[in-house]
S.K.: 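Below you will find the structure I want to go over with you.
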Amino acid sequence: QVQLVESGGGLVQAGGSLRLSCAASGRTSGRKVMGWFRQTPGKEREVVAVISRNGGNTYYADSVKGRFTISRDNAKNTVYLQMNSLKPEDTAVYYCATTVLNQLAVRTDDYNYWGQGTQVTVSS
């Protein structure tokens with residue numbers, strides 16, 4: 001079992017920044033591909049960013065390219081999502097997740113463990 005705990009969400013004005021963290025515990029032996037997803041009411045959960053096991057490769061959804069940065073500190077078993085130039089349409093519950101696949105997976109079905117989510121609200 002792997003436990004994932006997100007933190008860092010909150011209320012911010014448009015144009016502002018937030019940094020989300022996802023701390024992993026449990027059976028974390030062996031680095032895993034990690035992803036950030038988000039979901040708004042009535043919509044499917046969508047991928048935001050994904051990072052490879054060693055952090056050398058990343059994937060970003062088109063909607064966040066150039067504004068969001070995913071990173072990881074394997075010594076701390078933590079993945080981060082730096083969100084800059086936030087827009088009201090970024091408002092969502094943000095989840096981190098891990099997959100056993102050794103690739104930059106973008107489908108929710110590819111991920112095995114999920115955190116409880118953290119709310120990000122961007123006011124206009």
Side-chain angles (χ1 to χ4, degrees):
Q1 287 284 348
V2 176
Q3 292 79 44
L4 303 173
V5 179
E6 302 97 336
S7 61
L11 173 64
V12 64
Q13 289 187 333
S17 299
L18 282 175
R19 187 195 196 202
L20 305 183
S21 299
C22 173
S25 61
R27 293 187 61 183
T28 57
S29 61
R31 300 171 184 174
K32 296 178 172 59
V33 170
M34 299 289 294
W36 282 99
F37 293 76
R38 66 187 181 187
Q39 188 171 23
T40 55
K43 292 188 177 181
E44 292 190 356
R45 195 169 296 186
E46 63 177 8
V47 66
V48 175
V50 183
I51 190 166
S52 62
R53 292 180 176 184
N54 63 4
N57 292 294
T58 57
Y59 165 88
Y60 295 95
D62 288 343
S63 58
V64 306
K65 279 182 182 176
R67 300 187 298 121
F68 291 11
T69 302
I70 189 171
S71 62
R72 66 190 300 161
D73 184 339
N74 286 333
K76 296 181 178 180
N77 291 324
T78 301
V79 175
Y80 305 96
L81 185 68
Q82 178 66 45
M83 305 186 295
N84 299 327
S85 301
L86 282 161
K87 305 175 181 179
E89 50 263 45
D90 294 319
T91 295
V93 177
Y94 283 72
Y95 300 88
C96 69
T98 182
T99 175
V100 297
L101 299 177
N102 187 21
Q103 62 187 54
L104 297 180
V106 298
R107 301 187 312 146
T108 56
D109 288 348
D110 290 330
Y111 285 78
N112 309 91
Y113 296 100
W114 293 83
Q116 83 289 349
T118 184
Q119 176 71 47
V120 171
T121 303
V122 184
S123 63
S124 57

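Position 1 is the first residue of the sequence; numbering continues from there.
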S.K.: Find the distance between OG (Ser71) and CE (Met34) and round it off to the nearest 0.5 Å.
M.R.: 11.5 Å

S.K.: Do any pairs count as a disulfide (SG to SG under 2.5 Å) and have a residue in residues 71-111, sequence neighbours left out, and if so which ones?
M.R.: Cys22-Cys96

S.K.: First locate atom CG of Asp73, then atom OH of Tyr80, and finally report the distance between them rounded to the nearest 0.5 Å.
M.R.: 5.0 Å

S.K.: Locate the shortest heavy-atom distance separating Thr40 from Ala92; write the atom from each residue and the value.
M.R.: CG2-CB, 3.6 Å

S.K.: Is there a donor-acceptor pair under 3.5 Å between the side chain of Arg72 and the backbone N or O of Gly55?
M.R.: no

S.K.: What heavy-atom pair brings Val120 and Gly9 nearest, and what distance separates the two atoms?
M.R.: CG2-CA, 4.1 Å

S.K.: Which pair of heavy atoms, one from Asn112 and one from Val100, lies closest together, and at what distance?
M.R.: OD1-N, 3.0 Å

S.K.: In Å, rounded to the nearest 0.5 Å, how long is the span from CZ of Arg31 to CG of Asn77?
M.R.: 9.5 Å

S.K.: Do the side chains of Val33 and Phe68 join up, straight or via other hydrophobic residues, at under 4.5 Å, putting them in one cluster?
M.R.: no

S.K.: Are Lys65 and Asp62 within salt-bridge range, i.e. N to O under 4.0 Å?
M.R.: yes

S.K.: To the nearest 0.5 Å, what is the distance between OG1 (Thr91) and CD (Gln119)?
M.R.: 7.0 Å

S.K.: Which atoms form the tightest heavy-atom contact between Gln39 and Lys43, and what is the distance?
M.R.: NE2-O, 3.1 Å

S.K.: Below 4.5 Å, heavy atoms only, C-beta onward: do Arg38 and Ser63 meet side chain to side chain?
M.R.: yes

S.K.: Does Val48 share a hydrophobic cluster with Val122, counting links as ILVMFWY side-chain heavy atoms below 4.5 Å and allowing steps through other members?
M.R.: yes

S.K.: Do Leu81 and Val64 share a hydrophobic cluster, counting only Ile, Leu, Val, Met, Phe, Trp and Tyr and linking them when any side-chain heavy atoms are less than 4.5 Å apart?
M.R.: yes

S.K.: As a test of understanding, state which of Asn57, Thr58, Val79, Leu104 forms a side chain to side chain contact (heavy atoms under 4.5 Å, CB included) with Val50.
M.R.: Leu104

S.K.: Are the side chains of Tyr111 and Leu101 in touch, meaning some heavy atoms are under 4.5 Å apart?
M.R.: no

S.K.: Is the ring centre of Trp114 less than 6.0 Å from the ring centre of Phe37?
M.R.: yes

S.K.: Please identify each residue that fulfils salt bridge (Lys or Arg N to Asp or Glu O under 4.0 Å) with Asp109, with sequence neighbours left out.
M.R.: none

S.K.: Do side-chain atoms of Tyr94 reach the backbone of Glu6 as a donor and acceptor pair under 3.5 angstrom?
M.R.: no

S.K.: Could you check if a side-chain atom of Val106 sits within less than 4.5 angstrom of a side-chain atom of Glu46, using non-hydrogen atoms only?
M.R.: no

S.K.: Grab the two heavy atoms, one from Ser17 and one from Ser85, that are nearest each other, plus how far apart they are.
M.R.: OG-N, 4.3 Å

S.K.: Could you tell me whether the side chain of Thr99 reaches within less than 4.5 Å of the side chain of Lys32, counting heavy atoms only?
M.R.: no

S.K.: Applying a strict under-4.5 Å side-chain criterion to I, L, V, M, F, W and Y, I'd like to know whether Tyr95 and Leu18 cluster together.
M.R.: no

S.K.: State plainly whether one hydrophobic cluster holds both Leu4 and Val93, where clusters connect Ile, Leu, Val, Met, Phe, Trp and Tyr through side-chain heavy atoms under 4.5 angstrom apart.
M.R.: no

S.K.: Just wondering, do Asp90 and Met83 contact through their side chains at under 4.5 Å, heavy atoms?
M.R.: no

S.K.: For the atom pair CZ (Arg107) and CZ (Arg45), what is the distance rounded to the nearest 0.5 Å?
M.R.: 15.0 Å

